[in-house]
Amino acid sequence: MYTPVDPKQNFPKLEEEVLAFWEANDTFKRSIAIREGSDEYVFYDGPPFATGLPHFGHFVPGTIKDIIPRYQTMRGKKVERRFGWDCHGLPVEYEMEKELGISGKREIESFGIAKFNESCRSIVLRYVKEWRKIVTRMGRWVDFDNDYKTMDPDYMESIWWVVKQLWEKGLLYEGFYILPYCPRCSTVLSNHELNLGGYQDVHDPAITVKFRLLDEPDTYILAWTTTPWTLPSNLALALGPEIVYVKVKDGPENYILAKDRLSAYYKSEKEYQILWEKKGKELVGIQYEPLFPYFAHLKDKKAFRTLMGDFVSTEDGTGIVHIAPGFGEDDYRILQGTGVPVICPIDEECKFTEEVKDYKGSFVKDADKAIIKRLKEERKVVKHEQYLHAYPHCWRCKSPLIYRAISSWFVNISKIKDRMIATNQEIYWMPEHIKDGRFGKWLEGAREWAISRNRYWGNPIPIWKCDTCGDLECIGSREELKSRSGVYPKDLHKHFVDDITWKCFCGGTKRRIPEVLDCWFESGAMPYAQNHYPFENKEHFEKHFPADFICESLDQTRGWFYTLHVLATALFDKPAFLHNITSGLVLASDGKKMSKSARNYTDPVDVINTYGAEALRLFLMRSAVVRAEEIRYNDEGVKETLKTVIIPLWNAYSFYVTYANIDQIFPTSGPEEPSNPLDQWILSELERLIDEVTREMDRYDLMRAIEPLVDFIDLLNNWYIRRSRRRFWRSENDYDKRQAYETLYWVLLTFSKVAAPILPFITEAIYRNLRSPEMPESVHLTDYPVAQLEKRNLALEQKMKFVRRAVTMGRALRSMHGIKVRQPLKALHLVTKDPEERRILREMEDIIREELNVKEVVFRENEEDLVEYKAKPNYRVLGKALGKDMRRAAEKIEALTFKEIQSLLEGSTLVIDIGRDLEITKDSIEVRRIEKENLKVLNEGSLTVALDPELTEDLKAEGIVRDIVRAVQTLRKDMDLEVTDRIELFLHTQDPDVQDAVEEFQEYLMNETLAVSVRWNKKGTLRTAPCGDSTCAIGLVKAS
RNA sequence: GGGCCUGUAGCUCAGUUGGUUAGAGCACUUCUCUGAUAAGGAAGGGGUCACUAGUUCGACUCUAGUCAGGCCCA
């Protein structure tokens, strides 16, 4: 006996029950344990920050990360799944600053780095419990007990090892990075912070200054700047290679500037005389006199020359850009490799240093005035104006930011770029375009990776520098640190290791450089660090690298996917992962980003409690969001998924259990040799389903793997069960009935396995009820079904499709005639010229007859009196061969007469004139059949269907009784009778036709409604039912 | 400004080497079926396949450009 099924199942409740079962039986751990010794399928989980709660954006990759491992497990692989946490980084520091009410570098330092870091440590895992709860509630199986954290000392030590590997391979170097910097907070701002603060319009001085050419003392290059304070640091001038420049004579002096900019400096053409015109690229390497004396000695290092820069434009200024490499990204890059050094003569608070001695100690922006005054006195300024522009400000203190060179550590990407591009070719990407598109293009254009951060809560870069000779040493482990310093730190955070020093061979002291690592570096090193490689688990690591599969959303192409790839390529010359699914963004239903403040989406917990996690999962997985496209989330979609997929599946299952319990038939396998075509057909469809789902899952195409499941549920419900329904409760043929049960049992059991990775809850519930005791206790512990293609009957699948088409047309005809299906009709005429089609239809005659409620199906061959023919060329066949003649052939073919088409259909060949003779046959054309007017027939393709609408007295009477049956059944249901309950039936009507009809079909009526008696009386629960053209009062009493 | 993705019915989206009636679901109207169903079925309305140009006998599909949206980068 099966546990009875509630047809009004509450799915969130069902899910809770399944979760409780998994929990109680440790099903997840067992699913891994039972595969011990099998091939492993390696999965890496990308670590989220736990500073916020999971939301819809996490559910998409989260669900994919559940489905694929479940699937691989059922395919026989051992799939370990460890959750991980990203613990370091700015988000945590901000959170802490907010909480402590402090802000910025100086305040953190006066608060105390040790105290600050320990506070960060204490809040990082604040939401871990909630994460675990929600992730688990979503049905995801992942190991939280054995999770990795990037702040664990072991994890951090492996990172040191990774850094040391890069160091030894010569892939680490110290350089400069031009970054926005807040002079008041004395701190670098990240990109994110830059966006926080925003741009504000400010007035700045804009001056145009004269640079005197070395070889032509009367000629000056004009350059324009809004940061006069950077002029003392000028080391070059940049021109645009394609920009046209002119040398103009203006009084005793000559000036060089962009031709397009002349009008900004002269009101009239009479004020100057053009001496020559040249493109920028002809003006490379011109030497000029330094504006200020401070760095004049750099002339020996090729400073003070003109260069080409593609960033130069003629929108502002003179079309010539003053270059100070310490104060601008473009400036810095253009001088890289030229030998000109980077100078940045300002201190932590952006005050000039000793190097610019005249302005030493004054804040750079405050020095603008003095600098302009001096240049004016030296007659080096041609124009001085005010300039209004958008300028970035600090989000903390609102001060205008200064772009300046910051000493940073870099991974030398250009050295390994070619290998990164090569190893990317070994990765399978879903969707495919990411490989050579977004990710591939990003690799090609990859820039040097700055891995140092001037922060506190992070993994300290394990490099020690001598304060005397500058010698550098990279430390790769705690042991190594101990061997140098004698100290074995129990923790590797900044406040534990910064005080560790030792004596350099030169007599100086080795001290750690102050920076910590970019937290992306830490997550990218996760394959090694999660296992404390190479200090432990060497063998384990070697078997678990690279990963078979990872999945995250699109933004990670530049994030985790990238850093994993860089480090794996740098360390092992391999990709870090072999298959990747990239998911898209989840937007709110208004097409905008989901935002808490805009309240434009429902709390996920409410969605789960209303419709269930399964409906939510399925809704997401059926959409293109699993192919990196964005999705608009709305509750309606989840609701619809529940209504159209999950509930119908449940109903099929509930139907089976209800009747199997009544009949006490409990199969343990499918039918040996099914004889009913419906059984053969659905079993064939089942093999097809397994085949298709397996194929698409193996291609990592979830959307395409899910569609066959949805289609199958529809076929099962709306054809197999619908057409087999009576077989389950009609007792005449026990053999056929047994086979029906066996078939439906097998289909449901197998389906639960096929769909288990995708619908883990409902399939578990179905499987657990249907399984026999020797089967594993959970569907997730079973082996995935393997398609047995030899069991497929392709011809039968085709036939059934054809039959369903005939039925569809029959139904349409009924509504054309205005005759409802309950009214039996004499005959349906099926007309086709194709003898094979006629044979198929004849085989399935019973199904058609029952479905359309007709007494007879008549097969005919002659369609000519029902339809007209019209010919269209078969472009696919003729097009390639005919080319330009196609148009003329099309005209001729469309003009073919009825007779000509008919003879083609009968197999003859016809010659048409298209300027030459062209032989055409049946295959060269497509015949359209058009129903003749005034005839109630329908045609589709080769099949034409007509209905005999004549109603005899007998048919009418049967129709009346079926109306009564229908009304009784509805009433039974409304009275909540069991399907097996017997009734006493009472009828009352004045209409003699109804009375006669009931008399004639009384046995049928009693059989159908399980009535033990029919009496003419008014009694019991009453209802008036329309039947035929009149009505009948119906009364019911449950029989004792 | 650059790279990638997207643009098809009121809404959400399919559309597999280019082939002539562009599909589905939801929603809407009318009718209908049901002894599992919260369902199912039939008919109907609703489309310049973002736009422009090109390649081709033929373009939703290929190419180029434009416009709009998104993500990432600058």
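The sequence lines fix the lettering, A, B, ..., with proteins before strands; numbering per chain opens at 1. The model shown is predicted, which means the values in this text are computed figures rather than measured ones.
Distance from the side chain of A:K8 is smallest for B:A38 among the nucleotides B:A38, B:G19, B:U21. Listed nucleotides B:U20, B:C26, B:U34 differ in distance to A:Y875; the shortest reach to its side chain belongs to B:U20. If you check B:C33, B:C73, B:C5 against the side chain of A:H433, the one that comes closest is B:C5. Here the nucleotide nearest the side chain of A:A812, chosen from B:A43, B:C71, B:U12, is B:A43. Comparing B:G3, B:A38, B:U37 by their closest approach to the side chain of A:K643 singles out B:A38. Checking B:G40, B:A42, B:U37 against every side-chain atom of A:I647, the shortest atom distance belongs to B:U37. Of the candidate nucleotides B:U32, B:U12, B:G40, B:U12 has the atom nearest to the side chain of A:R632.
Within the 4.0 angstrom heavy-atom criterion, only backbone atoms of the sugar-phosphate kind lie near A:R962; the bases stay farther away. In this structure, A:R447 reaches the sugar-phosphate backbone alone: every heavy-atom distance under 4.0 Å involves primed, P, OP1 or OP2 atoms, never a base. Counting non-hydrogen atoms under 4.0 angstrom, A:N874 reaches nothing in the nucleic acid. Within 4.0 Å of A:T1009, counting heavy atoms only, lies at least one base atom of the nucleic acid. A:A652 comes within contact range of at least one nucleobase, with a heavy-atom separation under 4.0 Å. Using a 4.0 Å heavy-atom distance criterion, A:E630 is classed as a sugar-phosphate-only contact. Residue contacts shown for A:Q9 include a base, since a base heavy atom lies under 4.0 Å away. Heavy atoms of A:R333 sit nowhere under 4.0 angstrom from any nucleic acid atom.
Aromatic ring centroids of A:Y611 and A:F11 lie 6.0 Å or more apart. You'll find the ring centres of A:F410 and A:Y177 inside the 6.0 Å limit. A ring-centre distance under 6.0 Å is found for A:W650 and A:Y653.
Here A:W442 does not count as stacked on B:C72, because the ring centres are not under 5.5 angstrom apart with planes under 30°.
Ion pairing of A:R962 with A:E958 is absent here, as no side-chain N (NZ or NE/NH1/NH2) approaches a carboxylate O to less than 4.0 Å. Looking at A:K417 and A:E444, no side-chain N of the basic residue comes within less than 4.0 Å of a carboxylate O on the acidic one, giving no salt bridge.
The shortest distance between the side-chain N/O atoms of A:K820 and the OP1/OP2 oxygens of B:U32 is not below 4.0 Å. Taking side-chain N and O atoms only, A:R725 has no distance below 4.0 Å to OP1 or OP2 of B:U37. Regarding contacts with the backbone of B:C33, a side-chain N or O of A:R822 is found under 4.0 angstrom from either OP1 or OP2. Dashed line: the shortest gap from a side-chain N or O of A:R972 to OP1 or OP2 of B:U34 is not under 4.0 Å. A close approach under 4.0 Å does not occur between any side-chain nitrogen or oxygen of A:Y653 and OP1 or OP2 of B:A36.
Nucleotide B:C71 has B:G3 as its partner under the Watson-Crick or G-U criteria, with both atom distances under 3.5 Å. With both pairing distances under 3.5 Å, B:C51 is matched to B:G65 as a Watson-Crick or G-U wobble pair. Nucleotide B:U12: paired with B:A24 (Watson-Crick or G-U wobble, both distances less than 3.5 Å). In this structure B:C60 sits in no base pair that meets the Watson-Crick or G-U test at under 3.5 Å.
Using a 30° and 60° split on the angle between ring planes, A:F619 and A:Y633 fall in the perpendicular class, above 60°. Ring orientation note: the planes of A:W429 and A:F439 are tilted relative to one another, at an angle of 30° to 60°. Between A:H58 and A:H55, the ring planes lie tilted relative to each other; the angle falls in the 30° to 60° range.
Distance CG (A:L554) to P (B:C4): 13 Å, rounded to an integer number of Å. At whole-Å resolution of the value, CZ in A:R726 and P in B:A36 are 11 Å apart. Protein atom CD1 of A:I721 is 10 Å distant from nucleotide atom C1' of B:U37, rounded to whole Å. The distance from atom CG of A:D635 to atom P of B:U12 is 15 Å, rounded to the nearest whole Å. Rounded to whole Å, the distance from CZ on A:R811 to P on B:C31 is 19 Å. Rounded to whole angstrom, the span from the OH atom of A:Y562 across to the P atom of B:C71 amounts to 22 Å. Atom pair A:D663:CG and B:A36:C1' shows a separation of 14 Å (rounding to whole Å applied). Counting to the nearest Å, the C1' atom of B:U8 and the CD atom of A:E629 are 13 Å from each other.
Taking atom P in both B:C26 and B:G40, one finds a spacing of 6 Å when rounded to whole Å. Taking the P atom of each, B:A42 and B:U6 are spaced 33 Å apart, rounded to whole Å. Between the P atoms of B:A50 and B:G7, the separation comes to 8 Å (whole Å). Distance noted for atom P between B:U52 and B:C60: 12 Å (whole Å). Taking atom P in both B:C28 and B:G69, one finds a spacing of 32 Å when rounded to whole Å. The gap from the C1' atom of B:A43 to that of B:C33 amounts to 15 Å, rounded to the nearest Å. One P atom belongs to B:C31, the other to B:G70, and the distance between them is 45 Å to the nearest Å. Rounded to whole Å, the separation between the P atoms of B:G44 and B:G65 comes to 43 Å.
Where A:K872 and A:T970 meet RNA chain B, the nucleotide closest to each residue was compared, and A:K872 sits on the side nearer the 5' end. Along RNA chain B, the nucleotide nearest to A:N651 and the one nearest to A:L585 differ in position, and the one closer to the 5' end is contacted by A:N651.
Side-chain contact check for A:R804 and A:T808: no donor-acceptor pair (N or O, by modelled atom type) lies under 3.5 Å.
Checked by distance alone, A:R438 brings a side-chain donor or acceptor within 3.5 Å of a matching partner on the base of B:C71.
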